[in-house]
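Proteins come first, then strands; the chains are lettered A, B, ... in the order of their sequence lines, and each starts at number 1.
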There are 2 protein chains.
Amino acid sequence: MGNGEETLGTIDRAATISEVAALAGVSPGTASKALNGRGALRPETRQRVQEAAEQLGFVANAAARSLQAGRTYTVGMITTDSIGRFSIPLLIGAEDALGAGQVSVFLCDARDDPIREQYYLRTLLGRQVDGIIVTGRRTQARHPIGPSLPVPVVYAFISSTDPADCSVVPDEADGARRAIDHLLAIGRRRIAHVTGPEHHHSATVRASATMQTLASAGLEPVAPILFGEWSEAWGRQAAGILLSTEAPVDAVFCGSDQIARGLAEALQEAGRRVPADIALIGFDNWDVMVDGCRPALTSIDMDLEGIGRTAAELLLAAINGEPAHGRHALPGRLVPRASTAVYPVL
Amino acid sequence: MGNGEETLGTIDRAATISEVAALAGVSPGTASKALNGRGALRPETRQRVQEAAEQLGFVANAAARSLQAGRTYTVGMITTDSIGRFSIPLLIGAEDALGAGQVSVFLCDARDDPIREQYYLRTLLGRQVDGIIVTGRRTQARHPIGPSLPVPVVYAFISSTDPADCSVVPDEADGARRAIDHLLAIGRRRIAHVTGPEHHHSATVRASATMQTLASAGLEPVAPILFGEWSEAWGRQAAGILLSTEAPVDAVFCGSDQIARGLAEALQEAGRRVPADIALIGFDNWDVMVDGCRPALTSIDMDLEGIGRTAAELLLAAINGEPAHGRHALPGRLVPRASTAVYPVL
DNA sequence: AAACGGAAGGAAAACGATTGCCTAGACGCT
DNA sequence: AGCGTCTAGGCAATCGTTTTCCTTCCGTTT
C-alpha cells in the first residue's frame, strides 16, 4: 500500500496522521478526532481509524501537538549539585508523580556551576517546558534560579530565598527531635551529638533542634556538640574525643549515617557495647550504611522520594493555575534498628 | 510597547520571533536569518534584531523548530532497572557528551517492568527523540527493546542479545585480570576469589577471568570460588569460611567493594593483618566503600562515566548516519590503595 | 412536500520557526 | 542613459496536529 511500512528492517520514518487518515479513507481532521475521542463520528469510522493507526504504528508527533496546544507536557529538572545520593530519590519521586500524568522529564545536571545552570535554564525555556523543578544536594536556601520566569518553578530539597517561591524541604528539626525523643524513650539521658561542618545548614539546624529537645526534657548535651565533617573517619575520631571526656555517654545522635558508622566501629574497638553501653542513631537512613553497620543502625529517614513526589504534584498544580507558595517542610520518620534496641531484647 | 513585557511579575508568555521582528522592524523570516547567521543581511540589521531578541528575552520555540527541521535534538534514556548507583555515572557521562552537543535528555525509569518500558518507548518515539540510550543495573545481555525502531538505539552497561545492536559495556574480564595481575605483582600466590551470586552474569565472568589469569601464571585458586551475594554480610561470612580452610590465604580478590569491606572487617577481627597477612582487592571503586574500609581498599574502576559518554557519542554518530554495531567493551582501571600496599611501605 | 434539525465528516486556519525563491533597489559598466 | 548584476530583505510554503467552522446528507415533522 504505502511505501514499505511492512519492511522488516528499520522503520525509516514515523507515520503521520495524514497517512493514517488516507489508509482509513477519511480526512486528517477526522482521524485526529477519532484518535482523541472528540467530534461526532460513527463508531465504525472511529474504529477504522484506530485500526489504521495501529497498523502503521502511528504515534502523534509531540512537537506538532505542543506547537498547537501551547503546552508540551514536559518539565525540566535541574540539579544544581551533581546528581548524587540525595538527588536520585528526589528524581525517582518526581518522575513517579509526573510519569503518571503523562509528563516527561528533562534532566539537567548543572554541577554547581551558575553558568551551566543559566544555560540549562534557557534551554529548558526554549523547549517550552511547562514547569521546572530545581534540586540540590544541600538543604540550604539558595537564590531563585531566575527573576521572573514564564513557567512555574518548584524547589525540592533545597529552598529558595524568595518566600514567594514554592519549596519542598525535609523538616530536619523534626527529624532531630524524633531522634532525641527516641533516645529519651529508651531511657538514655547522657546524650551527645556528633555532626557535620558548622557552616553546613543541615548541621546547624539539626544541632539546634537537638539542643532544644534536650532542653525541654530538662537536659543538656553531655558534651559540647562536635562539628566535623560528613565522614566515617570523623565518626571514628569523634569516638575518641567522647571516650576521653570525663562524663560517661550513654547515647550519641549522629548527623549522618556515615558518622554513626565510624563511631560504632571505634566505640566497639574501644570495648564499649552498642547499644548496651552506648546507643546510636544516624541520619539519612542510607541503606548501605545502616545495613553495613554493626549493629544495624537506627536512623532518620527524610523521605526524599516523598519530597520529590510532593514537589512534582505542586508543580503540576501550579501548571494548572493553582500555584503554591512558601516553604513546605515534610516530616521525617524514625527507623528503629538494633543500635537503639532496648537491651534485653536479644 | 507590546503588552507588558516590562512587568516585573511573572512573564506570562514567551516572545515569538514575529514580535522580535516587529520590534526590529523586519519580517519574521529576516529575523530568523539574523539570529541564525544565515542569509545576506546588513550587519546593522543583524544587530538590531539581536538586540530586539535580547530585549524581549526571546528563545526560539523548540517545538516549532523541530517540527520543521524533522529533528528534535533530544534523546531518551531508559534505565531498565531503577535509577541507581550504576545508572547515575552512566547518566552523567551521557549527559556530558550530549549536553555539549546541545542535546537534551529525557530520563525514563522503567523499574524493570516491561510494561513501563514499552510505555516509555512509545512516549519517546512520540516525542520524536533522535535516539535512545538503554541502561540497566546488570551487565547481562537483554532482549532488544524493540524490533525495528525509527531511531538508533545504543545500549550502555547492559548489552543487547542482538549482535547487530550497538552496546557499550565494561570489560569485566579485563578488570578481573588486572586485579589478579596486581596481586601477583605484589608477590601473592595463595589467592582466593569471593563474589556474588552464581547466576549473576558479572560474577561468572569475573570468576572465570580470575581462573584463567591464575592458570596462565601456573596457579589455581587457593580455595574454590565462593559465590554468595553482593553484601558486606556475605563478605564477613566468607572470611570465616576462608579462615577455616586448611590452606593459608595471602590475598583475596572480591567481586565487589561491599564484599571486600565485610571481609576486611572480619579478617581483622580474627587477628589477620590487611594487607600484611592478606591483601584485598574490591570491584567497582565505590567511593564510600573504598574510603570507609580500613585499610582503604584497592579496587577496579569500570569507568562508568566513560561508558555513558562513549554510548552517547556512538548514538550521536548513529544519528548522523554512521551507526556502529556490536559490543564495545571498555577497559577498566586498577586504583591501588592501602589494602594491597607492599608491606614495608608504611 | 417543504422545512427543519441533527449527525458525520471535510476544509482550512491556526501554532512558530525556517528556508527557498523572488523582488526591489542600488550600483557599475558600456 | 540603459542594461546587467549584486545585495538586502520580504513572501509564502512547509512541518504535523488540532480545532473551528462549514457542508452535506438523511430522517422527521407538520
Side-chain angles (χ1 to χ4, degrees), chain A residues 2 12-50 52-53 56-74 102 122-123 125-130 150, chain B residues 2 12-50 52-53 56-74 102 125-130 150:
Chain A
D12 293 320
R13 204 173 44 83
T16 71
I17 202 168
S18 298
E19 292 166 349
V20 172
L23 182 58
V26 297
S27 74
T30 303
S32 170
K33 289 169 196 158
L35 296 173
N36 295 305
R38 273 167 241 217
L41 273 66
R42 271 194 315 228
E44 66 205 69
T45 308
R46 210 174 278 279
Q47 196 185 344
R48 197 150 33 89
V49 173
Q50 279 162 355
L56 297 179
F58 171 75
V59 189
N61 182 322
R65 179 178 273 171
S66 26
L67 184 55
Q68 101 89 30
R71 264 194 74 164
T72 54
Y73 290 91
T74 279
Q102 313 266 39
R122 286 185 66 86
T123 304
L125 293 179
R127 291 193 185 276
Q128 313 291 119
V129 293
D130 296 333
Chain B
D12 292 321
R13 206 173 44 85
T16 72
I17 202 168
S18 298
E19 292 166 348
V20 172
L23 182 58
V26 298
S27 76
T30 303
S32 170
K33 287 168 194 159
L35 295 174
N36 296 304
R38 273 167 239 215
L41 273 66
R42 269 193 317 229
E44 64 205 70
T45 309
R46 211 175 278 279
Q47 196 186 344
R48 197 150 33 89
V49 173
Q50 279 163 355
L56 297 179
F58 171 76
V59 189
N61 182 322
R65 179 177 272 171
S66 29
L67 185 56
Q68 103 89 30
R71 266 195 72 166
T72 53
Y73 290 91
T74 278
Q102 313 266 38
L125 292 179
R127 291 193 184 277
Q128 313 291 119
V129 293
D130 296 334

Q: Determine the contact category for A:A60: base if any of its heavy atoms lies under 4.0 Å from a base atom, sugar-phosphate if only primed atoms, P, OP1 or OP2 are that close, otherwise nothing.
A: sugar-phosphate

Q: Identify whether any heavy atom of B:S66 sits under 4.0 Å from a base atom; if not, whether one sits that close to sugar-phosphate; answer base, sugar-phosphate or nothing.
A: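 No contact.
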
Exercise: identify the closest heavy-atom pair between [X] and [Y]:
X: B:A64; Y: A:L67; answer: CB-CD1, 3.7 Å
X: A:S66; Y: A:R71; answer: CB-O, 2.8 Å
X: A:V20; Y: A:A53; answer: CG1-N, 3.7 Å

Starting at [atom1] of [X] and ending at [atom2] of [N], how long is that distance when rounded to a whole Å?
X: B:F58; N: C:dA17; atom1: CZ; atom2: P; answer: 4 Å
X: B:Q68; N: C:dT19; atom1: CD; atom2: P; answer: 5 Å
X: B:Q128; N: D:dC15; atom1: CD; atom2: C1'; answer: 11 Å
X: B:L35; N: D:dG9; atom1: CG; atom2: P; answer: 14 Å
X: A:L67; N: C:dC15; atom1: CG; atom2: P; answer: 9 Å
X: A:Y73; N: D:dT18; atom1: OH; atom2: P; answer: 11 Å
X: B:K33; N: C:dT18; atom1: NZ; atom2: P; answer: 12 Å

Q) Are any side-chain N or O atoms of A:R127 and backbone N or O atoms of B:A62, one a donor and one an acceptor, separated by less than 3.5 Å? A)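 Judged by distance alone, no pair lies under 3.5 Å.
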
**Q.** Closest-nucleotide ordering on DNA chain D, the 5'-leading residue of B:A64 and B:S27
**A.** B:S27

**Q.** 5' precedence on DNA chain D between B:T45 and B:A69 (nearest-nucleotide basis)
**A.** B:T45

Just compare [options] and give me whichever is closest to any side-chain atom of [X].
X: B:L41; options: D:dA8, C:dA8, D:dG9; answer: D:dG9
X: A:A40; options: C:dG10, C:dA8, C:dA17; answer: C:dA8
X: B:N61; options: D:dT20, C:dT19, C:dA17; answer: C:dA17
X: A:S32; options: D:dT18, C:dG20, C:dA17; answer: D:dT18

For [N], take OP1 and OP2 only and decide whether either is under 4.0 Å from a side-chain N or O of [X].
X: B:R42; N: D:dT7; answer: no
X: B:R38; N: C:dT19; answer: yes
X: A:N36; N: D:dT18; answer: yes
X: B:T30; N: D:dG10; answer: yes

Q) Does the side chain of A:L41 reach to within under 4.5 Å of the side chain of A:V26, using non-hydrogen atoms? A)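 No; the side chains remain at least 4.5 Å from each other.
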
